[in-house]
Chemist: 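Quick one: the structure is below, questions incoming.
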Amino acid sequence: MYVAPMRGGTAVQDHVALAEIELCGDLIIAASAAVERLSSDRIDEVLGVFDGRDEQGPPADQRG
């Protein structure tokens with residue numbers, strides 16, 4: 001069986017996949033440091049999720 005070589009090498013970057021991997025890593029770290037299961041609110045905090053229910057909004061350093 002012949003496999004054609006890839007042109008341009010194999011250094012393909014998928015920025016979305018890399019971001020998802022980083023978020024998963026953040027969750028794993030938070031879960032391993034927690035004594036109990038992570039609450040939904042804690043998971044949202046780790047992931048930087050803001051749903052708009054809090055009138056203050058996200059912290060200033062996380063605003064876009």
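Along the sequence shown, residues are numbered consecutively beginning with 1.
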Chemist: Rounded to the nearest 0.5 Å, how far apart are CG of Asp26 and CD1 of Ile21?
Modeler: 12.0 Å
Chemist: So, taking the atom named OG in Ser39 and the one named CD in Glu45, what distance separates them when rounded to the nearest 0.5 Å?
Modeler: 8.5 Å
Chemist: Can you tell if the side chain of Leu27 reaches within under 4.5 Å of the side chain of Ile43, non-hydrogen atoms only?
Modeler: yes
Chemist: Heavy atoms, side chains only, cut-off 4.5 Å: are Arg42 and Val46 in contact?
Modeler: yes
Chemist: Would a single hydrophobic cluster contain both Leu38 and Leu47, if residues Ile, Leu, Val, Met, Phe, Trp and Tyr are joined by side-chain heavy-atom contacts under 4.5 Å?
Modeler: yes
